[in-house]
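As structure tokens, the structure follows; a few thoughts come after it.
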Amino acid sequence: MKLNAADAASARIVEVYAKHTPLYAVYRTPMRVIVHFADDPSLASTQRATLAPLNPLRGQINSLIDGWGPARSKRFNRGVADALVVALEGDRVGAAAILDLVKQEIVDVRTSWARFSYLLVALLTSVVVVAAMIVGFNPMVAKIINLPHDGQGIWLGGGAGAVGAFFSIATAIRGRTVLTDFQWADNTIDAILRVVIGVISGMILYCMLKAQLVNLGVPVPGGDASDEQKWMFVTVLGFTAGFLERLVPDLLEKTKPTLASERTATQAMQNSSAGKLRPVAQDPAHEGEAHICDLGVSEDEATADEHLPPARGGVVKLRA
């Protein structure tokens with residue numbers, strides 16, 4: 001067995017890891033790591049049976065490094081070859097442990113690249129949102145899109161929310177659940193949606209405070225505040241809404257009962273003013289019907305005093 005020579009399957013041998021003539025040899029072709037079994041058919045059959053339980057792990061590793069170049073996959077191919085040599089020498093448990101470590105290391109590498117891509121997509125999305133916000137503040141653009149003066153606060157809150165969402169992603173990227181780079185489309189969608197949620201949260205929180213639907217317990221700049229104070233307040237507000245992913249949804253949940261009670265009270269007042277709430281005796285629809293207060297009780301239906309339960313309580317007379 002020589003380098004650049006062809007093996008039994010006519011594949012080119014690019015690297016030989018171990019050679020124990022005439023028992024076995026472990027080498028690599030451009031596609032994968034392969035074992036050349038013993039020339040003795042019975043011994044070769046025993047070797048195949050020994051390596052058979054390891055084939056699922058080998059298949060997973062091959063699929064994980066599929067498409068990688070020789071330089072990138074060289075270290076992992078070396079680990080697979082070492083595991084095969086350990087198994088052929090009689091330690092199949094140790095070989096399985098080595099393959100598990102190799103597989104986990106490959107998954108970590110792919111997840112690391114996925115985190116980098118996730119962060120990059122989130123950054124680009126935030127940059128696009130902030131750029132759109134800056135362009136929207138241009139007087140000419142604001143006139144074209146008919147952006148009112150109050151709308152600038154909503155616009156600024158959305159841009160600050162995008163920055164807050166990216167800051168949240170960046171600080172928690174290590175603990176955030178990110179799929180491997182095989183699922184790059186899912187990771188891209190999740191990163192974009194996270195920033196979009198931050199933009200919407202910044203806008204909605206500004207509108208809720210403007211409409212006095214919530215009270216965050218912080219002083220809101222009034223009419224005598226300078227424009228700088230107002231913009232700084234909106235920026236911090238939007239950034240906080242984008243950073244705290246659950247802030248606006250929780251506030252919306254809390255405002256549901258308030259809005260519902262106000263709507264019920266309003267409907268009750270409208271119905272009362274329209275004359276829909278009337279006593280039964282005065283309602284023309286029930287004219288001529290007997291009222292429960294007018295119904296008498298016969299002696300057979302009444303309970304005698306001696307059959308009533310004893311009275312309890314009373315008035316305590318204070319001592320002078």
Side-chain angles (χ1 to χ4, degrees), residues 1-120 172-191:
M1 181 174 293
K2 298 180 180 179
L3 290 176
N4 297 320
D7 63 359
S10 300
R12 185 170 62 89
I13 300 173
V14 296
E15 189 171 0
V16 177
Y17 297 107
K19 187 176 181 181
H20 191 177
T21 308
L23 299 179
Y24 63 84
V26 180
Y27 63 96
R28 181 175 66 86
T29 66
M31 296 296 296
R32 56 178 180 158
V33 177
I34 300 177
V35 176
H36 178 77
F37 296 104
D39 297 333
D40 183 10
S42 61
L43 181 56
S45 178
T46 302
Q47 291 174 339
R48 287 189 178 91
T50 301
L51 297 183
L54 304 178
N55 287 337
L57 270 176
R58 292 176 61 190
Q60 293 174 18
I61 292 173
N62 289 334
S63 64
L64 285 171
I65 64 176
D66 187 33
W68 285 1
R72 192 176 182 185
S73 60
K74 183 177 181 179
R75 178 161 56 99
F76 305 112
N77 285 325
R78 175 80 257 182
V80 173
D82 292 341
L84 294 176
V85 172
V86 170
L88 290 171
E89 293 294 335
D91 187 5
R92 191 168 62 189
V93 176
I98 295 175
L99 290 177
D100 278 329
L101 290 175
V102 172
K103 175 190 172 183
Q104 186 58 48
E105 189 174 357
I106 297 173
V107 171
D108 290 342
V109 171
R110 284 198 170 274
T111 304
S112 177
W113 277 105
R115 285 196 179 97
F116 175 76
S117 301
Y118 189 100
L119 199 61
L120 184 61
I173 189 65
R174 295 293 300 176
R176 193 174 186 87
T177 301
V178 178
L179 303 175
T180 60
D181 55 353
F182 283 118
Q183 291 86 12
W184 61 270
D186 294 335
N187 288 332
T188 301
I189 293 173
D190 186 73

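Since we're looking at a predicted model, the values are computed, not measured. Note that the numbering runs from 1 along the sequence shown for the chain.
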Q) So, does Asn77 use its side chain to make a donor-acceptor pair with the main chain of Ser73 at under 3.5 Å? A) yes
Q: Would you name the heavy atoms of Ala87 and Leu51 that are closest together and state the gap between them?
A: CB-CD2, 3.5 Å
Q) Taking C-beta and beyond as the side chain, do Tyr17 and Val85 meet within less than 4.5 Å on heavy atoms? A) no
**Q.** Listed partners of Asp66 passing side chain to side chain contact (heavy atoms under 4.5 Å, CB included), at least two apart
**A.** none
Q | Pairwise distance CD1(Ile106) to OG1(Thr111) - rounded to 0.5 angstrom | A | 11.5 Å
Q: Could you name each residue pair satisfying ring pair (Phe, Tyr, Trp, His ring centres under 6.0 Å) that touches residues 47-75, not counting sequence neighbours?
A: Trp68-Phe76
**Q.** Where at least one partner belongs to residues 79-107, residue pairs that pass side chain to side chain donor-acceptor pair (under 3.5 Å), sequence neighbours excluded
**A.** Tyr24-Glu89, Gln60-Lys103, Arg75-Glu105, Arg78-Asp82, Gln104-Asp108
Q) Within the side chain of Glu15, is there an N or O that forms a donor-acceptor pair under 3.5 Å with the backbone of Tyr27? A) no
Q: Say whether, by atom type as modelled, one donor and one acceptor occur between the side chain of Ser10 and the main chain of Ala6 under 3.5 angstrom.
A: no
Q | Taking every non-hydrogen atom, the tightest pair across Ser42 and Asp40 | A | OG-OD2, 3.1 Å
Q) Judged by atom type as modelled, is there a donor-acceptor pair below 3.5 Å linking the side chain of Arg58 to the main-chain atoms of Val33? A) yes
**Q.** Gap separating the NE2 atom of His20 from the NE2 atom of His36, nearest 0.5 angstrom
**A.** 13.0 Å
**Q.** From Thr29 atom OG1 to Ile34 atom CD1, the distance as rounded to the nearest 0.5 Å
**A.** 4.0 Å
Q) Hey, does Phe182 have a side-chain heavy atom less than 4.5 Å from the side chain of Leu64? A) yes
**Q.** Interatomic distance, Leu99 atom CG to Leu84 atom CG [nearest 0.5 angstrom]
**A.** 6.5 Å
Q: List in chain and number order the residues that pass side chain to side chain contact (heavy atoms under 4.5 Å, CB included) with Leu101, two or more places apart in sequence or in another chain; answer none if no residue qualifies.
A: none
Q: Find out whether Leu88 and Gln47 are in side-chain contact, i.e. whether some heavy atom of one side chain is under 4.5 Å from a heavy atom of the other.
A: yes
Q: Give the minimum heavy-atom separation between Ala83 and Ala95, together with the two atoms involved.
A: O-CB, 3.1 Å
Q. To the nearest 0.5 Å, how far apart are CG in Leu57 and CG in Asn62?
A. 11.0 Å
Q: Just jot down the side chain to side chain contact (heavy atoms under 4.5 Å, CB included) partners of Trp113, sequence neighbours excluded, or say none.
A: Arg72, Val109, Phe116, Asp181
Q. Taking only residues two or more places apart in sequence, or in another chain, which ones meet Pro41 in a side chain to side chain contact (heavy atoms under 4.5 Å, CB included)?
A. none
Q) When rounded to the nearest 0.5 angstrom, what is the spacing between CZ in Arg110 and CZ in Arg115? A) 15.0 Å
(Q) Contact between Asn187 and Ser117 at the side-chain level, heavy atoms closer than 4.5 Å - yes or no? (A) no
Q.
Under the criterion side chain to side chain contact (heavy atoms under 4.5 Å, CB included), I'd like the reasoning laid out for Trp184 against Asp186: C-alpha separation, chi angles, the key distance, then a yes or no.
A. CA-CA 6 Å; Trp184 61 270; Asp186 294 335; over 6 Å; no
(Q) Using every non-hydrogen atom in the two residues, find where Val86 and Gly94 come nearest and quote the distance to one decimal. (A) CG1-C, 4.3 Å
